[in-house]
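Working notes for the structure below.
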Amino acid sequence: MLKNRRSRLKRFFEDYSLDCVLFTNLHNIRYLCGFRGSEGALLLTRDGGWFLCDSRYTTQAAAQVGEADVLEFMSKQDTIAALVKEQGFLRMGFEAAHATVAFFTALSAALDGCELVALGAELDDIRSSKDADELQRLSDVAALSSAALMAIRPLLRPGVKEVEVALELELEMRRRGADGRAFDFIVASGVRGSMPHGIASEKTLQAGELVTIDFGAIKDGYHSDETVTVAVGDPGERQQAIHGIVRTAHDMAIAAVRPGIACKELDAVAREYIRESGYGDYFGHGLGHGVGLEIHEKPVLSPRGDAVAVEGMVFTIEPGIYIPGFGGVRIEDTVAVTADGCRVLTPAPKDLFIL
Ligand code: ZN
Ligand code: ZN
């Protein structure tokens, strides 16, 4: 399985005439070799490689890293330099987007006769289309997270603090087997709803308010991401109208997902509809983002994103309208691109519940 993932690197070896590629980003390392610790490096050739770590991780790495030799280091750059010299490598690619200046300087100084070749963030593209194992994990964690939301819905009533909602939701996810929350949940009620990233506060929910809840779980390294906006008691006409517009924009974008469509075109489908409805000034962020080993990863769905949807990609569709002093609505699903459309992984209903 991981061998298949490594075959996605083939073009980097060819395009840049490389002998090896050095990975230091832990998400990419986990993806390519299975290591789940917090420090290490992976040096890959076209058909093999080495995993390097300090003594804290040698036992764990031996169990997790199936198809690469494990080497222990005291100094990461010196061990890499010695290995590169022993193998006679002349050109080594590295993840320029993830290396610090300090590490790059130390590695450059340690290397003797091997050229460092900066590879761009396009290396992260290798993770944007998910394999069957990843799709299953993403689907499972999304289902768990949605079920947790449905279980705590009775708590959404006037007088309850936003932080209590966030805490109960996280507890419920953990009871159902999550390793933890994917990010600090957003629970934004009433006027706080105008803040797209309004993390749960001490504010209590009031009758007649909308509450935006943006939540997700993490399990086996994979994340889920979903947002509902619900009404606590009877919402006003304008709130219902705005919810309806966001819901339609969301549904239209999901209906447009298929292999071959540009991600910026998906963004435009939702953005145009919101603009035509008179709220174009109130949707400031991109339509969505990839979800996987990171909560925000490639592809980017925005007016500037240059990715094209391919089968196996998993990303969010999350239009919103945020009106300062009034409140806001966001509706978010995570979808997996299929051969002829997409599958929604996050099953919690997206209607405006009147609780
Ligand atoms: Zn979200
Ligand atoms: Zn999101």
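As the structure lists them, so they are numbered: ligands from 1, and atoms in each ligand from 1. By convention here, the first residue in the shown sequence is residue 1.
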Mind checking whether H285 and Y322 have parallel, tilted or perpendicular rings, split at 30° and 60°?
tilted
How are the rings of H296 and H289 set to each other: parallel, tilted or perpendicular (split at 30° and 60°)?
perpendicular
As a test of reading the structure, name the N/O/S atom of D214 that is nearest the Zn ion (ligand 1).
OD1
Hydrogens and angles aside, do S145 and E226 bring a side-chain donor and acceptor to less than 3.5 Å of each other?
no
Evaluate E134 against R127 for salt bridge (Lys or Arg N to Asp or Glu O under 4.0 Å), listing each step before the verdict.
CA-CA 10 Å; E134 294 187 288; R127 297 203 329 252; over 6 Å; no
Under 2.8 Å: N/O/S of H289 next to the Zn ion (ligand 2)
yes
Can you tell me if an N/O/S atom from E332 lies under 2.8 Å from the Zn ion (ligand 1)?
yes
Determine which of the N, O or S atoms in E318 is closest to the Zn ion (ligand 2) and give its atom name.
OE2
Here the N/O/S atom of D225 closest to the Zn ion (ligand 2) would be OD2
Side chain to side chain contact (heavy atoms under 4.5 Å, CB included) between L44 and R6, worked out:
CA-CA 9 Å; L44 292 181; R6 287 187 213 161; 3.8 Å; yes
